[in-house]
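Numbering of residues begins at 1 and proceeds along the displayed sequence. The shown structure was predicted, so the numbers you read here are calculated from the model rather than taken from an experiment.
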Amino acid sequence: MPIRALIVDDEPLARTGVRQLVEPLDNVTIVGEATDGDEAVRQIKAQEPALVFLDVQMPEMSGLEVVREVGVEAMPLTIFVTAYDQYALEAFEAHALDYLLKPIEEARFQEAMERARQQLRQTEADTLNQQLRGMLREYADEETSIERFTVQSRDRIYFVDAEDVQWIESEGDYVALHDGDDAHLVRKTMKKLEEQLDADRFLRVHRSYIVNVEHIDELRPLDHGTYQLRMASGTPLKTSRGYSDNIDALLDATG
């Protein structure tokens, strides 16, 4: 039976490049293309491909977020397509997940396809699930308490330790992680982030702010149960009345 394959990439030239490599293969049929993460999720569920060529870095929803959205158990065999640096590639290799580095070399593509054929013949679903879970733990912060953030910039991914983040500010569908000198944008909502952060370290003090209590230098009472916080970087942040219970709990805990 032909291998049903889906191509996912936000760059038209990249999709064309993968298609040109796949089309000459007798035992692979392209069942569709997706231009973003949302469309990829829909097509994976509708088309049920056996193999996905998945771009890692896409706007709005990254390739790893696609995996998380579809679910590890439901995710087809995946060959990640990436332009990341060597540090990130080592992470894929550590979890035994195959990847193609842009621009894709034909010999490397053939090697990846042979691995895919072998794995599909073996149908080691449990092994694939373990590999994907390992990658998600490293890159998608699926731990119950986030210990470090994965930040995707235009040309690389890097990590910011949670303990170094002084305060977090809402930026629409993104949050800005402030570590004193720099701000790092991560695509995540404040509500979702609040659920994933260590409650003993991070405190919601405003609809737009979450603070690391270990980096609060000073609290000054204002009116109606609000406070002005001064963070270790010197940044002043005002709390809101809606989160006054959180401040009271912090004061009680610290005596």
Side-chain angles (χ1 to χ4, degrees), residues 1-11 14-15 17-19 21-22 25 27-84 88-102 104 108-109 111-144 146 149-150 152 157 186-188 192 195-196:
M1 292 290 292
I3 299 171
R4 293 165 48 81
L6 176 69
I7 301 171
V8 181
D9 202 303
D10 64 304
E11 299 176 359
R15 293 196 306 274
V18 174
R19 176 178 283 275
L21 288 166
V22 171
L25 303 177
N27 63 339
V28 183
T29 299
I30 299 173
V31 297
E33 296 183 8
T35 61
D36 58 45
D38 288 331
E39 186 180 354
V41 172
R42 289 194 297 271
Q43 290 212 38
I44 288 170
K45 293 179 178 179
Q47 300 282 2
E48 296 184 348
L51 175 65
V52 178
F53 295 93
L54 181 59
D55 184 21
V56 178
Q57 188 176 27
M58 295 182 291
E60 304 303 328
M61 183 185 291
S62 72
L64 293 167
E65 288 171 326
V66 168
V67 174
R68 183 168 55 185
E69 183 69 22
V70 172
V72 168
E73 287 78 9
M75 193 68 192
L77 181 63
T78 304
I79 297 177
F80 291 97
V81 182
T82 177
Y84 287 157
L89 300 184
E90 289 172 357
F92 283 98
E93 292 169 351
H95 294 290
L97 289 165
D98 210 351
Y99 66 88
L100 293 170
L101 184 62
K102 295 180 182 180
I104 301 172
R108 181 67 184 84
F109 173 81
E111 179 184 339
M113 283 304 304
E114 182 55 35
R115 290 181 183 176
R117 292 187 189 98
Q118 291 176 3
Q119 190 150 0
L120 287 170
R121 283 196 294 267
Q122 295 168 353
T123 61
E124 295 178 349
D126 290 342
T127 299
L128 175 61
N129 290 349
Q130 290 172 6
Q131 293 165 350
L132 287 172
R133 284 194 187 95
M135 197 65 182
L136 285 177
R137 280 196 297 270
E138 182 154 356
Y139 278 87
D141 299 321
E142 283 210 330
E143 300 291 346
T144 55
I146 296 175
F149 295 91
T150 303
Q152 299 186 20
I157 51 177
V186 174
R187 189 176 187 275
K188 197 178 289 286
K192 184 66 174 178
E195 295 171 355
Q196 295 177 318

**Q** Please round to the nearest 0.5 Å and tell me the distance separating atom CD of Glu69 and atom CZ of Arg42.
**A** 11.0 Å
**Q** Given side chains that start at C-beta, do those of Val52 and Leu77 come closer than 4.5 Å, heavy atoms only?
**A** no
**Q** Can you name the residues that form a salt bridge (charged side-chain N to carboxylate O under 4.0 Å, His left out) with Arg187, not counting sequence neighbours?
**A** Glu60
**Q** As an exercise, state the distance from CG of Asp55 to OG1 of Thr82, rounded to the nearest 0.5 Å.
**A** 7.5 Å
**Q** Check Gly63 against Met58 and note the closest heavy-atom contact, atom names and distance.
**A** N-CE, 4.0 Å
**Q** Considering residues at least two apart in sequence or located in another chain, which fulfil the side-chain hydrogen bond (donor to acceptor under 3.5 Å, both in side chains) criterion with Glu33?
**A** Arg15, Arg19
**Q** Looking only at heavy atoms, what is the nearest atom pair of Val8 and Asp36, with distance?
**A** CG1-O, 4.3 Å
**Q** So how far is it from Arg68 CZ to Ser62 OG, rounded to the nearest 0.5 Å?
**A** 7.5 Å
**Q** Please name the pair of heavy atoms, one in Val31 and one in Pro49, separated by the smallest distance, quoted to 0.1 Å.
**A** CG2-CB, 4.2 Å
**Q** Phe109 versus Leu100: any side-chain heavy-atom pair under 4.5 Å?
**A** yes
**Q** Nearest 0.5 Å please: distance from the CG atom of Asp38 over to the CD atom of Gln43.
**A** 12.0 Å
**Q** Can you list the residues that meet the side-chain contact (heavy atoms from CB on, under 4.5 Å) rule with Ile3, with sequence neighbours excluded?
**A** Asn27, Val28, Ala50, Leu51, Arg117, Leu120
**Q** Are side-chain heavy atoms of Phe53 and Val22 found at a separation under 4.5 Å?
**A** yes
**Q** Is there a side-chain contact between Ile104 and Leu21 (heavy atoms, below 4.5 Å)?
**A** yes
**Q** Looking at residues at least two apart in the chain, or sitting in another chain, which of them share a side-chain hydrogen bond (donor to acceptor under 3.5 Å, both in side chains) with Thr35?
**A** Glu39
**Q** Side chains of Thr150 and Leu64: does their closest heavy-atom pair fall under 4.5 Å?
**A** no
**Q** Once side-chain contact (heavy atoms from CB on, under 4.5 Å) is applied, do any residues pair with Glu111, and if so which ones, sequence neighbours excluded?
**A** Arg108, Arg115
**Q** Could you go through the side-chain contact (heavy atoms from CB on, under 4.5 Å) check for Asp98 and Thr78 one step at a time?
**A** CA-CA 7 Å; Asp98 210 351; Thr78 304; over 6 Å; no
**Q** Side chains of Ile44 and Val66: closer than 4.5 Å at any heavy-atom pair?
**A** yes
**Q** Tell me the side-chain hydrogen bond (donor to acceptor under 3.5 Å, both in side chains) pairs involving residues 44-54, sequence neighbours left out?
**A** none
